[in-house]
Number of protein chains: 4
Amino acid sequence: MSDEPLAADEILDGVYRALCAHGYASLTMQDIADECDKSKSLLHYHYDTKEDLLVAFLSRMITDYEEQLEDEVDDSPVDRLALFLAQFVFTPDEEERQSFHLALLEMRSQGPFNERMREQLVRSDEVLRETVADILRDGIDEGVFDAVDPEQTAALLVATLDGGRTRQVTLNENPTDVSYTRAVVEQAMTHIVEPLLASDVELPPLDETLAKLSAVDSDADVDDVDEPPHSSAQES
Amino acid sequence: MSDEPLAADEILDGVYRALCAHGYASLTMQDIADECDKSKSLLHYHYDTKEDLLVAFLSRMITDYEEQLEDEVDDSPVDRLALFLAQFVFTPDEEERQSFHLALLEMRSQGPFNERMREQLVRSDEVLRETVADILRDGIDEGVFDAVDPEQTAALLVATLDGGRTRQVTLNENPTDVSYTRAVVEQAMTHIVEPLLASDVELPPLDETLAKLSAVDSDADVDDVDEPPHSSAQES
Amino acid sequence: MSDEPLAADEILDGVYRALCAHGYASLTMQDIADECDKSKSLLHYHYDTKEDLLVAFLSRMITDYEEQLEDEVDDSPVDRLALFLAQFVFTPDEEERQSFHLALLEMRSQGPFNERMREQLVRSDEVLRETVADILRDGIDEGVFDAVDPEQTAALLVATLDGGRTRQVTLNENPTDVSYTRAVVEQAMTHIVEPLLASDVELPPLDETLAKLSAVDSDADVDDVDEPPHSSAQES
Amino acid sequence: MSDEPLAADEILDGVYRALCAHGYASLTMQDIADECDKSKSLLHYHYDTKEDLLVAFLSRMITDYEEQLEDEVDDSPVDRLALFLAQFVFTPDEEERQSFHLALLEMRSQGPFNERMREQLVRSDEVLRETVADILRDGIDEGVFDAVDPEQTAALLVATLDGGRTRQVTLNENPTDVSYTRAVVEQAMTHIVEPLLASDVELPPLDETLAKLSAVDSDADVDDVDEPPHSSAQES
DNA sequence: AATGAATGAGTTTTCATTCAT
DNA sequence: CATGAATGAAAACTCATTCAT
């Protein structure tokens with residue numbers, strides 16, 4: 001019955017918005033407090049230190065992503081792979097997601113200096129690569145992919161997509177320009193994925209998958225005007 | 001003939017070492033001053049603001065890299081490509097290298113917040129992609145590569161290598177472990193580069209190119225004990 | 001009839017334990033709440049402010065001490081004086097005692113800044129000096145002490161004992177070491193008390209009185225495992 | 001020739017004044033900064049932490065006291081002892097010194113919680129007791145004192161005087177009232193010191209020594225209106 | 001060219017207190 | 001009675017920058 005969102009969660013939502021607005025490097029507790037309309041002291045009431053808060057944020061993000069993945073297990077390997085590729089492409093209206101991935105990139109670069117953060121980042125990396133490896137394994141079993149090494153190929157794909165996205169978010173001054181990532185994803189489809197497919201299998205075109213993606217999003221997002229549905233998370 | 005290095009340059013060297021030691025996020029003017037044995041005030045004498053100093057550092061780094069590239073124009077396209085792949089991710093002094101790329105990654109994530117930094121980063125990206133595109137164009141002209149789109153393929157390769165390196169430096173707690181990058185580079189050779197080669201052409205194995213690389217470095221490094229020769233730079 | 005201790009009293013017990021554990025300077029309401037397993041809010045329900053709570057604590061402590069004194073009026077002046085000397089500085093549970101006196105010393109030093117606290121401290125000082133003066137008066141009347149000025153001599157004795165204890169608790173890193181105090185008490189007996197005695201009167205040796213003290217305590221302490229019986233209080 | 005006082009010293013002077021004005025428990029870096037007309041940041045420039053600053057303050061205080069002692073070595077043991085006793089008595093115009101001793105008492109009660117502070121306090125205690133013990137030893141050698149145990153007797157005297165002062169500063173609401181300490185000192189002279197003297201030796205009356213003390217002070221204090229001459233320090 | 005001293009604006013964190021339930 | 005949640009004011013400390021020399 002309790003409609004009111006829990007403060008601890010609202011704070012994490014504030015972290016998301018504050019990261020988008022200010023980036024990680026210049027993120028202050030005050031920024032977060034402002035974004036969730038709470039007092040700084042309350043942040044410390046729920047999370048002892050700033051680090052605790054950020055670790056909790058990363059952790060929720062990854063868990064949300066894992067939960068989202070479970071919804072997709074019924075699709076065919078080819079569709080799941082297409083979906084995975086498409087998720088890396090920002091659509092022009094996703095300005096916010098670009099800011100977010102930028103902030104995430106900043107946090108990632110803190111990993112080596114912070115044990116607890118690195119733990120989360122490594123976990124995130126494993127989720128990501130394992131997702132692709134699972135898809136590949138399923139596809140190989142079903143005979144729709146050639147018998148490549150699933151782990152190695154997954155590493156290649158994740159590196160490529162992540163590299164494309166990284167360059168997109170770091171280099172672009174116009175946050176609605178998505179050409180860099182899109183080009184990389186399309187090249188990855190042509191040079192890496194398509195040569196893997198069995199002769200009678202076809203990868204759906206990127207635009208088609210993107211269209212499907214935004215349809216799903218509109219469904220889900222009915223009342224999430226400003227807020228990520230604990231889900232825009234996908235990472236590292 | 002004046003042997004004594006210019007203070008302005010010694011300061012930039014200090015930036016390099018301070019970035020390796022502390023990362024970008026927690027880099028203070030004092031850190032840099034300590035690394036180059038100068039006073040904070042002197043840094044401000046030569047560079048008005050911290051931002052000026054970091055922009056100058058990025059700029060010198062890219063210029064150094066460009067100069068280094070000019071030494072390689074005489075090699076064959078295949079060798080140059082092999083060299084590029086190898087160089088991107090390995091150097092004889094791995095540990096320092098990784099911390100440096102980590103710091104660079106942090107700076108890259110500041111690009112969107114800082115016009116002048118982004119300028120340098122974009123320039124660096126162009127140098128990088130243009131280098132690969134040039135190699136590809138030369139190779140296509142000479143008939144050793146298939147007639148792919150040089151720009152697009154260059155973007156794919158750069159994204160892949162950069163993505164691999166990024167994941168390596170952000171996820172690894174052991175800074176001398178390069179297995180992640182190596183796997184990605186090898187996969188990139190197999191899945192992306194080799195399918196491009198004319199039927200009678202062979203890409204030299206990674207190890208061979210690496211061996212060549214360290215031979216060259218030993219030659220050059222005679223008196224570079226502690227200091228980057230204004231050159232370890234290469235980026236973004 | 002009602003066995004359950006009153007919350008207001010349990011809170012004061014918490015103050016005692018929290019003072020021993022943390023000292024006065026860094027004593028927080030949370031510390032006290034933790035020690036009595038109540039919420040901070042409850043402390044404020046029973047005592048409006050932190051100051052109120054501490055004043056109440058001091059007040060109860062002194063009252064408890066006064067009550068304890070009444071038990072001793074039947075003894076001879078010499079015995080009562082010996083007891084006073086011994087009691088002032090030693091108790092069976094030394095370690096707890098020292099931390100408590102330390103905390104008390106901190107509170108005492110707040111007196112000049114806090115009217116209400118000073119009131120209690122002054123009252124405590126009067127109780128203490130009056131106790132000794134009474135003993136001296138009784139002894140002079142009975143002819144066992146020389147005819148000194150009871151008030152002045154009481155002031156001297158109290159200052160000496162308090163000074164010894166203060167130096168003990170502030171200087172010693174080992175809280176069970178009482179050698180400093182013992183030395184001072186013995187010197188006080190030799191130099192101050194003994195010259196006061198009529199020629200046929202003898203002060204019982206310190207060890208003997210101490211033995212008596214611990215015997216009494218063991219009797220009383222049957223069910224006081226963890227808690228001060230509202231009584232360890234005695235002070236300055 | 002440099003007339004201007006060193007900032008580091010001015011800051012320590014500020015600590016003295018701030019301690020007098022605010023006490024130790026509520027002493028903030030801002031209070032100290034205000035008292036010495038410097039910025040908080042400058043305090044941190046010269047002393048890394050608040051603790052460092054306070055330790056430095058204690059340390060200078062003790063050193064100053066030791067230096068002052070050296071001026072007195074030529075006096076006779078009886079005079080030196082009289083002087084020592086008198087120094088514990090505040091004269092009515094020494095309101096400031098009372099506040100200071102109060103603050104010092106607060107710091108002393110922090111000893112057990114702070115290793116570095118305790119070090120200074122122990123050193124101070126040793127200086128104080130050794131001073132008296134030295135006087136006693138000299139006097140015994142010269143035959144003006146009875147052959148008491150110098151260390152033990154010194155401990156008794158220091159405890160008594162310190163206890164008197166402690167009670168004075170903690171209990172008195174009127175900071176110009178010095179009756180408590182004065183009474184204790186006089187009692188100590190009568191009951192403890194005088195019985196020690198050889199039959200032909202006399203202790204100069206307290207008032208006389210006090211008069212001598214203030215004469216010396218007026219000499220020295222010519223231009224120290226508001227400032228302790230790095231010397232009001234004397235302590236345990 | 002070079003430095004030590006100094007500062008203001010800002011950061012995280014602490015804590016007594018209040019409020020709704 | 002009792003509590004968890006929430007807050008505002010203030011604390012120590014940091015850091016880029018400036019200034020006098």
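The structure displayed is predicted, hence computed values, not measured ones. Every chain is numbered from 1, with letters handed out A, B, ... down the list of sequences.
- Taking C/T63 as the reference, C/R123 meet the side-chain hydrogen bond (donor to acceptor under 3.5 Å, both in side chains) condition, with sequence neighbours excluded.
- In this structure, the side-chain contact (heavy atoms from CB on, under 4.5 Å) partners of A/S26, at least two apart in sequence or on a different chain, are A/H22.
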field: Worked verdict on C/C36 versus C/L43 for side chain to side chain contact (heavy atoms under 4.5 Å, CB included)
entry: CA-CA 10 Å; C/C36 62; C/L43 308 198; 4.2 Å; yes

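- For the segment residues 109-119 of chain B, no residue has any heavy atom less than 4.0 angstrom from an atom of DNA chain F.
- A heavy-atom distance below 4.5 Å is found between the side chains of D/L12 and D/Y47.
- At the phosphate of E/dA2, neither OP1 nor OP2 sits under 4.0 Å from any side-chain N or O atom of B/Y45.
- Legend: salt bridge (Lys or Arg N to Asp or Glu O under 4.0 Å) pairs involving residues 21-36 of chain D, not counting sequence neighbours, sorted by first then second residue: D/R17-D/E35.
- Residue A/H22 contributes atom NE2, which lies 14 Å from atom C1' of E/dT11 at whole-angstrom precision.
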field: Pair D/Y24-C/Q110, side chain to side chain donor-acceptor pair (under 3.5 Å): steps then yes or no
entry: CA-CA 9 Å; D/Y24 169 84; C/Q110 293 314 302; over 6 Å; no

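- Under the side-chain contact (heavy atoms from CB on, under 4.5 Å) criterion, C/Y45 pairs with C/L42, not counting sequence neighbours.
- Judged as a salt bridge (Lys or Arg N to Asp or Glu O under 4.0 Å), and not counting sequence neighbours, C/K50 has no contacts.
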With 3.5 Å as the limit, what N/O pairs link the protein to nucleotides 14-16 of chain E?
| unit_1 | atom_1 | unit_2 | atom_2 | d |
| --- | --- | --- | --- | --- |
| E/dA16 | OP1 | C/K50 | NZ | 3.0 |
| E/dA16 | OP2 | C/M29 | N | 2.9 |

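- Pairs of residues two or more places apart, or lying in two chains, that qualify as salt bridge (Lys or Arg N to Asp or Glu O under 4.0 Å) and include a residue from residues 37-48 of chain D are D/E10-D/K38.
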statement: Annotated structure of DNA chain F as dot-bracket, pair cut-off 3.5 Å, Watson-Crick or G-U only, | for inter-strand, is .||||||||||||||||||||

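- For DNA chain F, the contact window with chain C, defined by any atom under 4.0 Å from a protein heavy atom, covers F/dC1 to F/dA6 in 5' to 3' order.
- Taken to the nearest 0.5 Å, the OG atom of D/S99 stands 7.5 Å off from the CZ atom of C/F113.
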Expected list for residues 51-59 of chain D: side-chain donor-acceptor pairs under 3.5 angstrom, two or more places apart:
| unit_1 | atom_1 | unit_2 | atom_2 | d |
| --- | --- | --- | --- | --- |
| D/E51 | OE2 | D/R116 | NH1 | 2.9 |
| D/D52 | OD1 | D/R116 | NH1 | 2.8 |
| D/D52 | OD1 | D/R116 | NH2 | 2.7 |

